Visitor: 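Here it is, the structure, as structure tokens.
Note that the coordinates shown come from a computational prediction; the quantities given were computed from them, not determined experimentally. Below, chain A is the first sequence line, B the second, and so on; all start at residue 1.
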Number of protein chains: 2
Amino acid sequence: MTTSASSRDHCSRRGDLAAPCSVCGAKEFNICQPLDPARQASLYARAVRLHWARREPVFAAGQPARHVYNLTEGMVALSRSLADGRRQIFGFLLPGDFIGLEAGDAYGCDAETLSDAKACRFDRATFDAFLRDNPDVALGLVRAASSDLAQARQHELLLGRKTAVERVASFLLDLRNRAGERHLRTQPLSLPMTRSEIADYTGLTIETVSRIFGRLKSQGTIDLADATAVRVLDEARLKRLSEGAD
Amino acid sequence: MTTSASSRDHCSRRGDLAAPCSVCGAKEFNICQPLDPARQASLYARAVRLHWARREPVFAAGQPARHVYNLTEGMVALSRSLADGRRQIFGFLLPGDFIGLEAGDAYGCDAETLSDAKACRFDRATFDAFLRDNPDVALGLVRAASSDLAQARQHELLLGRKTAVERVASFLLDLRNRAGERHLRTQPLSLPMTRSEIADYTGLTIETVSRIFGRLKSQGTIDLADATAVRVLDEARLKRLSEGAD
DNA sequence: CGGTGGATTGAGGTAGATCAACATGCGTGG
DNA sequence: CCACGCATGTTGATCTACCTCAATCCACCG
């Protein structure tokens with residue numbers, strides 16, 4: 001996992017799954033707005049930096065929502081399960097994403113690391129106060145919240161109406177696009193989640209996911225060095241597959 | 001469709017699918033907070049009241065998001081479709097719900113009336129200005145937005161991991177609960193949407209939805225006077241069915 | 001090495017889709 | 001008021017995409 005930051009790009013991020021921002025005045029802190037340094041520092045001083053290993057819980061559904069996290073390194077999955085264990089994964093968070101922002105009094109889903117991960121943690125009260133003093137940042141978060149909803153709806157469409165191939169292709173393209181937006185590596189694209197987690201995201205089974213990866217590979221649409229890294233060889237085709245053509 | 005409002009309940013709503021609020025100072029206006037009358041009036045004066053027939057578009061995905069609506073009567077469906085026509089319905093809005101709040105520059109989904117419907121329409125700029133002056137109302141909307149996300153995730157779980165029976169049972173219970181919260185009639189519960197729309201909400205087909213309604217009826221779990229009105233006879237059982245028991 | 005947790009691959013089963021026929025209700029116009 | 005047509009809903013028969021179960025493979029690690 002390599003990390004470096006160009007001094008020219010604001011909030012530029014390199015490497016695989018890390019995103020310290022070198023411009024905002026604080027390492028491993030991702031509110032990418034040119035804040036006045038005093039205010040920045042005051043919030044930063046109250047941030048607790050955390051480090052998890054792979055497959056550790058960040059929080060669980062139902063717990064009192066005392067903290068807000070900003071992920072700086074690694075990936076986190078949000079999910080909820082039925083009583084009998086069937087699980088739905090809502091999304092895979094990338095460095096730069098906030099975790100637990102949308103919660104009311106209690107977290108509404110489980111959050112678990114998929115890889116080694118780091119985050120800044122803020123007390124909810126501190127964070128709210130900070131937002132009250134920084135309406136520009138707050139506005140950004142409102143945008144983020146509305147994009148979460150848009151993404152959830154995209155996912156509903158995937159789960160309710162797409163075929164297995166369309167789901168897997170959409171999953172790959174979406175992850176790739178989001179990684180690209182954050183300047184993470186997209187070729188090969190890192191897949192720290194297991195087939196089981198991809199299955200729980202796409203509403204399929206492990207076996208179906210595996211078979212479809214196999215089919216995409218033998219078609220020459222993608223290449224898999226190992227199970228955790230995809231190289232997209234024919235993006236146009238993948239796009240068509242994700243929308244029901246072919 | 002009968003409408004009356006008790007003078008004791010704030011924002012109490014009666015009847016089937018109508019929700020004028022008699023306390024907020026303006027008929028057919030649902031920001032249920034005791035606003036100072038001057039501010040209330042200023043926004044109310046700029047609201048345009050609209051009336052649609054059944055199956056009319058409110059707006060379509062991709063259109064510039066110039067307005068925000070507050071539904072006062074009837075039901076509206078939010079959906080998006082794939083190029084080949086497959087459609088996913090995200091939810092059915094009830095009187096009191098806002099429409100188009102979450103949009104960025106453009107609406108992210110199609111909104112269509114399921115019945116005769118009325119709404120107050122506000123210019124986005126007017127509305128935003130109003131919110132800026134009324135942080136309490138704005139806070140309420142933030143809550144509403146976060147509950148939209150919670151609901152979307154509930155729906156993702158339904159679409160990704162529930163069986164057909166569980167989906168239909170969940171749909172009925174959810175609609176019933178939301179109708180109850182707004183003091184709309186819940187017994188019998190009005191279903192202005194067609195089987196096709198229920199199918200597009202549950203990710204099933206018309207036929208499967210119809211068969212499951214039939215099964216629930218012959219079990220004695222529900223009763224259907226006609227296709228558009230359900231009476232829940234055994235709520236506990238319906239709840240168990242929605243969660244995978246039985 | 002052997003053991004363990006993924007991932008892949010194959011064979012067969014099934015929930016729900018699809019296709020098809022029919023029923024029902026409703027508005028329209030004669 | 002009835003006859004017709006159309007939209008919606010129900011029900012049955014069959015099909016199939018994906019699931020389930022099972023075997024094998026593979027990489028990593030103590």
Visitor: Roughly how many Å is it from NZ in A/Lys217 to P in C/dT9, rounded to a whole number?
Guide: 8 Å

Visitor: To the nearest Å, give me how far apart CD1 (A/Ile212) and P (C/dT8) are.
Guide: 12 Å

Visitor: Of the listed nucleotides (D/dC18, C/dT8, C/dT18), which one gets closest to any side-chain atom of B/Thr205?
Guide: C/dT18

Visitor: In whole Å, what is the span from the CG atom of A/Leu204 to the C1' atom of D/dC19?
Guide: 10 Å

Visitor: Which whole-number value in Å describes the distance from B/Arg161 CZ to C/dG16 P?
Guide: 13 Å

Visitor: Would you find a donor on one side and an acceptor on the other, under 3.5 Å apart, between the side chain of A/Arg80 and the backbone of A/Cys109?
Guide: no

Visitor: Whole Å only: how far is the CG atom of B/Leu114 from the P atom of D/dT8?
Guide: 12 Å

Visitor: Which part of the nucleic acid does B/Thr194 contact within heavy-atom distance under 4.0 Å: base, sugar-phosphate only, or nothing?
Guide: sugar-phosphate

Visitor: Just by distance, do the side chain of B/Gln88 and the backbone of B/Tyr201 share a donor-acceptor pair under 3.5 Å?
Guide: yes

Visitor: Using heavy-atom distances to pick each residue's nearest nucleotide on DNA chain D, tell me which of B/Ala227 and A/Lys162 is more 5'.
Guide: B/Ala227

Visitor: Ignoring hydrogens and angles, answer whether the base of D/dG12 and the side-chain atoms of B/Arg211 contain a donor-acceptor pair closer than 3.5 Å.
Guide: yes

Visitor: Using atom CD1 of B/Ile206 as one end and atom C1' of D/dA7 as the other, report the distance to the nearest whole Å.
Guide: 11 Å

Visitor: Hey, is the main chain of A/Arg87 close enough, under 3.5 Å, to the side chain of B/Arg161 for a donor-acceptor pair?
Guide: yes

Visitor: Has the side chain of A/Asn70 got a donor or acceptor atom that lies under 3.5 Å from a matching backbone atom of A/Gly96?
Guide: yes

Visitor: With no angle test and no hydrogens, is the base of D/dC18 tied to the side chain of A/Glu207 by a donor-acceptor pair under 3.5 Å?
Guide: no

Visitor: Kindly say if A/Ser210 contacts the phosphate of C/dA7, meaning a side-chain N or O under 4.0 Å from OP1 or OP2.
Guide: no

Visitor: Between B/Thr186 and B/Arg176 (side chain of the first, backbone of the second, donor and acceptor by atom type, cut-off under 3.5 Å), is there such a pair?
Guide: no

Visitor: CZ of B/Phe213 versus C1' of C/dG16: gap in Å, rounded?
Guide: 17 Å

Visitor: Between A/Ser196 and B/Thr163, name the one whose nearest nucleotide on DNA chain C is closer to the 5' end.
Guide: A/Ser196

Visitor: Rounded off to whole Å, could you give me the CG-to-P distance for the A/Asp226 and D/dC28 pair?
Guide: 8 Å

